[in-house]
Amino acid sequence: MRRLKILDYAISSLWRRRFKNLSIIAVFTIMIAVLASILILTHSLRMEAKEILRDAPDVVVQRLSGGRHDLIPVSMAEAIREIPGVGEVTPRYWGYYFDALTGGNYTLIGLEGGGSPSLSMLEGGLPSAVASCAIGSGVASARQLEIGDELVLIDSRNVGVTFDIVGIFVSESDILTNDLVILSNDDLIEFFGLPDGLATDISVQVYNENEVPKVAAKIKRSFPETRPITRDEILRTYDAVFSWRGGMLLTMFFGALLAFCILAWDKATGISAEEKREIGILKAIGWGTGDVLELKFWEGIVISVTSLLLGLILAFVHVFIFDASLFASVVKGWSVLFPDFRVTPHVDLYQIFVLASLTVVPYVASTIFPSWKAAIADPEEVMRS
Amino acid sequence: MILIKARVFLAITVIQVIVLAGLFTWSMSVARARTTEEIPQKQELVQRLELTDLAIWTEARYTRHPSQADFFAPFQDGPSSLEHFPAGSVVAAPDRSRVAAADR
């Protein structure tokens, strides 16, 4: 009951300076919402990348020429197939296309034996006939196309080529297919004018997952001009890309954290004359130093816990209901085709607890410390100062 | 009614905790539903189309396919040119430590 009374008094005291305290709660809430949004979004993206790229090729073999990715001889696939433990070896044909009409970049992928079983996330089908294609929903909306329409692209000889659209990937798959244009291998080779016997890279299947690094090392030894990229490396790349420690997300994270430090520092470096007088009066009417500190503790708790809970609620709503739309303009860069962050919700409770302890504890401490200095002084002196 | 402010604060805090717990539970159920429905469909896409990267940043080769980028991207278009695509600031450098170790 005594604690409840002190809490009641603490809220009355905060309410007397309500404009100042409500402003602090608003700023504190926004800051926690930004920090929590970054942590939740990056964790969810990292988990999603980990889950969906689990079925990426075991090894992708690129050929390097002059330090740059170059076309690879298809004959190399035969030699790789001879390595013990290696299963299917498939030359991949793909490339990029800049669409001057929309200013967007598309990724063109060739598919062997198109038309065979369709995909659950594809409306329509995969290209089966010559001059047909399946496109991502980003391409469809940029060019305002539907199934049955024609997609005209300019090939390597500067000639317009018309493809019949036989399928459009559903928007739920945008994070993988937004900018894709799927053609048959023959169409793609013809479109880019790729020389005979050369592919973009080679995907390699390895029967035993534990042998992947060994097979990659053997490929590198047999063909020193190649660069094998294992699935483990692909997964680790996305682990690094969506790490909160990387890039602009880190900058935003530290920007918000710095704002909090300034707020806490401002609190810790002094209290107003009015607050000092209040402490002096409380001491003069019989409050002990412990009571004053408990009062300040509850004041800190009321502000920081309210801000923390509101900030976390805002972060959840922002990331999972509004698809982190406030970050999109920052993260989007110059991409014309950019998918919505419709991420599968994953929340790391450890991160949330770290965030709570990094914000609530310093704020409460910075509320108590200057009050302690005023509380241990002589009440008369405090009231006169 | 005595101590009304403290009781109002406690009530608001409890409501906030309930809303947060509700959002957390909802997110868990959405995650479960998507893991059983959408994720296998996306895995099917990755497997069939042999995809290696997410289609997020389409502005440059090394941001569209970070896992397939050259070792020295983003400097590939000029030996002394600095990063000039905004997404490059968001995309952290790929971890090549294990490849380097394997090469040795």
Side-chain angles (χ1 to χ4, degrees), chain A residues 4-5 7-8 11-12 49 51-57 60 67-69 92 96 104-105 107 109 119-121 172-173 175-180 203 213 216-217 229 233-234 236-237 240-241 243 246-249 302 305 309-310 312-313 316 320 331 333-337 339 344-347, chain B residues 3-10 12-13 16-17 19-20 23-24 26-28 30-31 34-35 38-39 41-59 61 63-64 66-68 70-72 76 85-96 98-99 102-103:
Chain A
L4 210 59
K5 281 181 181 168
L7 173 62
D8 197 72
I11 296 167
S12 302
E51 280 173 2
I52 61 182
L53 293 176
R54 215 171 50 191
D55 287 325
V60 173
R68 299 177 66 139
H69 179 196
R92 299 197 313 158
Y96 301 107
N105 290 313
T107 301
I109 293 183
L119 295 157
S120 339
M121 291 198 130
E172 283 77 14
S173 70
I175 201 159
L176 285 166
T177 60
N178 198 39
D179 68 333
L180 292 190
S203 78
I229 301 165
E233 285 171 71
I234 293 172
R236 277 187 294 120
T237 297
V241 165
S243 161
M248 196 179 283
L249 294 174
V302 167
V305 169
L309 293 172
L310 279 176
L312 289 176
I313 290 170
F316 262 84
F320 297 138
V331 178
W334 290 348
S335 304
V336 173
L337 301 181
T344 304
H346 288 284
V347 180
Chain B
L3 303 176
I4 192 157
K5 291 190 183 95
R7 288 174 202 278
V8 167
F9 167 72
L10 290 176
I12 291 173
T13 305
Q16 285 177 316
V17 171
V19 170
L20 197 59
L23 283 168
F24 183 71
W26 168 79
S27 73
M28 296 287 280
V30 171
R34 287 201 194 160
T35 305
E38 276 185 29
I39 298 293
Q41 294 177 352
K42 286 181 181 172
Q43 286 168 339
E44 181 195 19
L45 271 177
V46 168
Q47 204 170 20
R48 269 304 287 291
L49 304 177
E50 299 195 306
L51 302 177
T52 55
D53 288 84
L54 304 182
I56 299 180
W57 298 284
T58 56
E59 59 198 49
R61 279 177 291 170
T63 57
R64 174 62 180 86
S67 74
Q68 310 292 303
D70 294 339
F71 283 122
F72 45 89
Q76 56 193 334
F85 286 104
S89 315
V90 182
V91 181
D95 179 10
R96 308 269 192 226
R98 215 179 289 180
V99 188
D103 284 351

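Lettering follows sequence order; numbering is per chain, from 1.
- Only the side chain of L180(A) comes within less than 4.5 Å of a heavy atom of chain B; its backbone N, CA, C and O stay farther away.
- Checking E38(B) against T344(A) by side-chain atom types alone, no donor-acceptor pair falls below 3.5 Å.
- Looking only at atom types and distance, the side chain of D53(B) has a donor-acceptor partner in the side chain of S67(B) under 3.5 Å away.
- Interface residue V60(A): only side-chain heavy atoms are found under 4.5 Å from chain B.
- Put simply, OG on S173(A) and CD on Q41(B) are 9.5 Å apart, with the number rounded to the nearest 0.5 Å.
- By the 4.5 Å heavy-atom criterion applied to side chains, W26(B) and F316(A) are not counted as neighbours.
- Between chain A and the residues V19(B), L49(B), T13(B), T35(B), the largest count of heavy-atom pairs under 4.5 Å involves L49(B).
- Across S120(A), A216(A), A56(A), the residue that shares the most heavy-atom pairs under 4.5 angstrom with chain B is S120(A).
- How far CZ of R64(B) is from CZ of R61(B): 13.5 Å, rounded to the nearest 0.5 Å.
- Contacts of I12(B) with chain A are absent, with no heavy-atom separation under 4.5 Å from either backbone or side chain.
- T107(A) touches chain B through its side chain: at least one heavy atom from C-beta onward sits under 4.5 Å away, while N, CA, C and O do not.
- Under the 4.5 Å side-chain criterion, counting only non-hydrogen atoms from C-beta, I39(B) is in contact with I52(A).
- Residue I109(A) touches chain B through its side chain alone, counting heavy-atom pairs closer than 4.5 Å.
- For chain B, the option among V347(A), N105(A), L310(A), I313(A) with the highest count of heavy-atom pairs below 4.5 Å is I313(A).
- Contact count against chain B (heavy-atom pairs under 4.5 Å) is highest for D179(A) among L312(A), N178(A), D179(A).
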task: Go through the steps for L7(A) and V302(A) under the test side chain to side chain contact (heavy atoms under 4.5 Å, CB included), then give the verdict.
output: CA-CA 9 Å; L7(A) 173 62; V302(A) 167; 3.7 Å; yes
